[in-house]
Protein chains: 2
Amino acid sequence: MNKRTRAVGFGNATDADGIALSLGQQVRNYVLQKIDSGEWPEGTRIPSEAQLVEQLGASRMTIHIALRDLSAAGVLMRKQGAGTFVAPRSSQSTFLELRNIHAEIEARGNRHTTDVHVMEAINCDLSLATEMNVVPGSTVFHSLLVHRENGRPLQIEDRYVNPLFAPDYLEQDFTRITPNEHLMAMGPLKEVEHVIQAVTADEQSRALLEMQPGEPLLLLRRRTWSRGLIATSARLLHPGTRFSLAGRMTVPH
Amino acid sequence: MNKRTRAVGFGNATDADGIALSLGQQVRNYVLQKIDSGEWPEGTRIPSEAQLVEQLGASRMTIHIALRDLSAAGVLMRKQGAGTFVAPRSSQSTFLELRNIHAEIEARGNRHTTDVHVMEAINCDLSLATEMNVVPGSTVFHSLLVHRENGRPLQIEDRYVNPLFAPDYLEQDFTRITPNEHLMAMGPLKEVEHVIQAVTADEQSRALLEMQPGEPLLLLRRRTWSRGLIATSARLLHPGTRFSLAGRMTVPH
DNA sequence: TATACAAACTTGTATATACCAATATATGAT
DNA sequence: ATCATATATTGGTATATACAAGTTTGTATA
């Protein structure tokens, strides 16, 4: 029997592009699929190495290394003698919150509402084409929303979206779900880029955020990559005086 | 011969607390020490697995796993057939640069100078004690510097330091090395907390940064943990109009 | 019932072996 | 000198084996 190409359990032996996956990768995918599907929620004790050896047909060392990798990545938590557990989602990607403004506002026990000011498809100029990494003149979607916490404006969300990534973007009702939630459902994001600046409000932003003249703004520009393209580029503007970004991270080695 | 307790090469077999280290940990420490000491700068091709087997006396699999871990942590880059290389520092802890303002300014080809305004030991009040997680009234060190890029003020560094972590802090010449560099040498940091805000400059900050009235500032508060205590808490103030924080991170699975 | 101890289970570490895959280098023919 | 080929080097993956070390569970004893 060929040791290298045997498939794990009933899992796939190739990825979406038909590239053969290593046994270790298949084990990792198997575990991640169980977690993503909800079958193994946070805190679940997953099968022991010995059980996975039986279920998946790989050797114990292969299983061990795969689980070790997922543990280093923060997906699992392992404890000698006790077992292997699904790590809480919150301990991952701790850095720079503000992944879901709706969830964050609700978590504070407050009410979140959204005003939709712009929903349009536009042909992008050279500057925007560079920002989105598309050819100039291409059509991209554009939305401009204001998020409110208990009625007070908290964030201007000025977003451009690649139609290839989210074709139905303009049909969404963003007073009911956030753009972020819709985009998350479109596909897994691979990379995130942030640029943070303090700026003075222009007149439009000042009016939308109901601020006094001269108040500083916190500007967060965020681009996310998915499926090899820039899925979305957003400018998130916050009143500096009553908003902060917080993050905490464990340092590698 | 006992497989488990044999020391790697000339390295230590125990950590600072006398706890026995695994062989794999010794290998990782060996590599990290070479990198941290500058003996292996960025881009260096480090000895091959076979050479490390000879030099350190561990088996190839042990060496391989150790290097694999460091590769996953972003410390090394490995290429099949070519070798193992020290990864550029910038690709580590990619998120939120500004770990070393001196290095960043020099990397831009500019000149970095520092003005020292305050160097003192103070007894902390309740607020500061909470921030530093020490008992109120304890002595903590305090420094206030201004970092300049080609003569222009770029950052106010207002820092409090736990004397237990860096007893010689006040004896340092911060026109020659940065506080960050001194603190890094004191011990490994385990965790970092950031809070980012946009604020309006008070009169002192405005003067130190040579800004116009009303210009916005980017405020970065950073606390770092090491050896189970808060090593340092810093307020870093930047002119918002000519400064930005950038970061890029790959999303776990 | 409570405690002590033993056994079973689980992950952690290390090695030896085997072969695969990508890269770099030496060699030889043209 | 150039190109193609063979060879050596280097990391990647997978397995089998052995033992260490921490946790849980079961059992016997006081």
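In what follows, every chain begins at residue 1, and chains take the letters A, B, ... in the order their sequences are listed. Just so it is clear, the values below take in all heavy atoms, side chains as well, and ignore hydrogens, waters and symmetry mates.
Distances shown here put every side-chain N or O of A/Arg68 at or beyond 4.0 Å from the OP1 or OP2 atom of C/dG12. Dashed line: the shortest gap from a side-chain N or O of A/Thr84 to OP1 or OP2 of C/dT10 is not under 4.0 Å. Between B/Thr62 and the phosphate of C/dA14, there is no side-chain N or O to OP1/OP2 separation shorter than 4.0 Å. Under 4.0 angstrom from either OP1 or OP2 of D/dG11 there lies no side-chain N or O belonging to B/His64. Checking the phosphate oxygens (OP1, OP2) of D/dT10, no side-chain nitrogen or oxygen of B/Arg78 falls inside 4.0 Å. Side-chain nitrogen and oxygen atoms of B/Arg45 include at least one within less than 4.0 Å of the OP1 or OP2 phosphate oxygen of D/dT10.
In this structure, the side chains of A/Met61 and A/Glu49 stay at 4.5 Å or more apart for every pair of heavy atoms.
The CZ atom of A/Phe85 sits 11 Å away from the C1' atom of D/dT24 (whole-angstrom rounding). Across the protein-nucleic acid pair, A/Met77 atom CE and C/dT11 atom C1' stand 14 Å apart, rounded to whole Å. In this structure, CD of B/Glu49 is placed 17 Å from P of C/dT17, rounded to the nearest angstrom. Atom-to-atom, CZ of A/Arg28 to C1' of D/dG12 comes out at 12 Å; the value is rounded to the nearest Å. Between B/Ile65 atom CD1 and C/dA16 atom P there is a gap of 15 Å when expressed in whole angstrom units. When the P atom of D/dT10 is taken as reference, atom CE of B/Met61 falls 18 Å away, rounded to whole Å. D/dT13 atom C1' lies 12 Å from atom CG of A/Asp69, rounded to whole Å. Atom P of nucleotide D/dA14 and atom CG of A/Leu67 are separated by 14 Å, given to the nearest angstrom.
A/Glu42 and A/Ala87 make their closest contact through CG-O, 4.0 Å (heavy atoms, listed as atom of the first residue, atom of the second, distance).
Residues satisfying the side-chain contact (heavy atoms from CB on, under 4.5 Å) criterion with A/Thr232, sequence neighbours excluded, are A/Arg159, A/Val161, A/Leu183, A/Thr224.
Side chain B/Gln80 to base D/dG11: a donor-acceptor pair is found below 3.5 Å.
The partner of D/dA30 is C/dT1, judged by Watson-Crick or G-U wobble contacts that both fall below 3.5 Å.
A residue-by-residue look at B/Ile63 and B/Arg60 shows that B/Ile63 has its nearest nucleotide of DNA chain C further toward the 5' end. Both A/Gly24 and B/Ile46 lie close to DNA chain D; mapped to their nearest nucleotides by heavy-atom distance, the more 5′-ward contact belongs to B/Ile46.
Residues B/Phe174 and B/Tyr169 bring their aromatic ring centres within 6.0 Å.
The side chain of A/Ser59 lies closest to D/dT15, out of D/dT15, D/dT23, C/dT15.
Listed for the B/Asn150 side chain is a donor-acceptor partner under 3.5 Å among the backbone atoms of B/Arg111.
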